[in-house]
Amino acid sequence: MSTSWQDPKAVSLMLDDCDTWAVVGLSGNPDRTAYRIARLLQERGKRIIPIHPKAPTVLGEQGYATLADVPFPVEVVDVFRRSESAGEFADQAVAVGAKAVWFQLGVIDEDAFARTTEAGVAMVMDTCPAIEWNKRG
């Protein structure tokens, strides 16, 4: 694990300063990790935007099929996809002007990390907001 993937400044930017989180892969299934983390984000005062091909309404928030479909600014793109397909969402996050990208626990794409951070967009990967909040006590 590279600790640069979890730069404390990037983590703090997202957890403390960013309020609008697009959650890629979020569906209405409460048994899925994405659903539980989206609910936690809401409990912590974040607005979540479900990004899913079927564009479901989840946890009271309208979903969108793609990041490009979201008609307002997104600050963090939180990616719940396998590593091999996560990079495209980092690229889309940069394209829509997101401030940051978060790849969940177990999601690693070093090339996407390099592209995203070189574009000036903060990024963390292979961790979870719940883990990072718990580290703070």
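Of the charged side-chain nitrogens involved, at least one lies within less than 4.0 Å of a carboxylate oxygen, so that Asp16 and Arg136 count as a salt-bridged pair. Classification of Glu118 and Arg115 as a salt-bridged pair fails, no side-chain N sitting under 4.0 Å from a carboxylate O.
Ring pair Trp102/Trp21 is tilted by interplanar angle, where 30° to 60° counts as tilted.
Here the closest heavy-atom approach between residue Leu67 and residue Ala93 is recorded as CD1-N, 3.9 Å. In this structure, Phe72 and Tyr64 approach most closely via the heavy-atom pair CE2-OH, 3.8 Å.
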Verdict with supporting geometry, Glu132 and Met14, side chain to side chain contact (heavy atoms under 4.5 Å, CB included): CA-CA 11 Å; Glu132 297 301 327; Met14 291 182 238; over 6 Å; no
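Counting heavy atoms of neighbouring residues, nucleotides and ligands inside a 6.0 Å radius, atom CZ of Arg82 does not exceed 12 of them. With a 6.0 Å radius and a threshold of 12 heavy atoms from other residues, nucleotides or ligands, Arg36 has its CZ atom above the threshold.
Looking only at distances, a side-chain donor or acceptor of Ser83 sits under 3.5 Å from a matching main-chain atom of Ile108. Between the side chain of Gln104 and the main chain of Met125, no donor-acceptor pair closer than 3.5 Å is present.
Atom CD of residue Gln6 and atom CD1 of residue Ile131 lie 8.5 Å apart, to the nearest 0.5 angstrom. Atoms CG and OG1, on Asp111 and Thr116 in that order, are 10.5 Å from each other to the nearest 0.5 Å.
Between Val23 and Leu41 the shortest side-chain heavy-atom distance falls below 4.5 Å.
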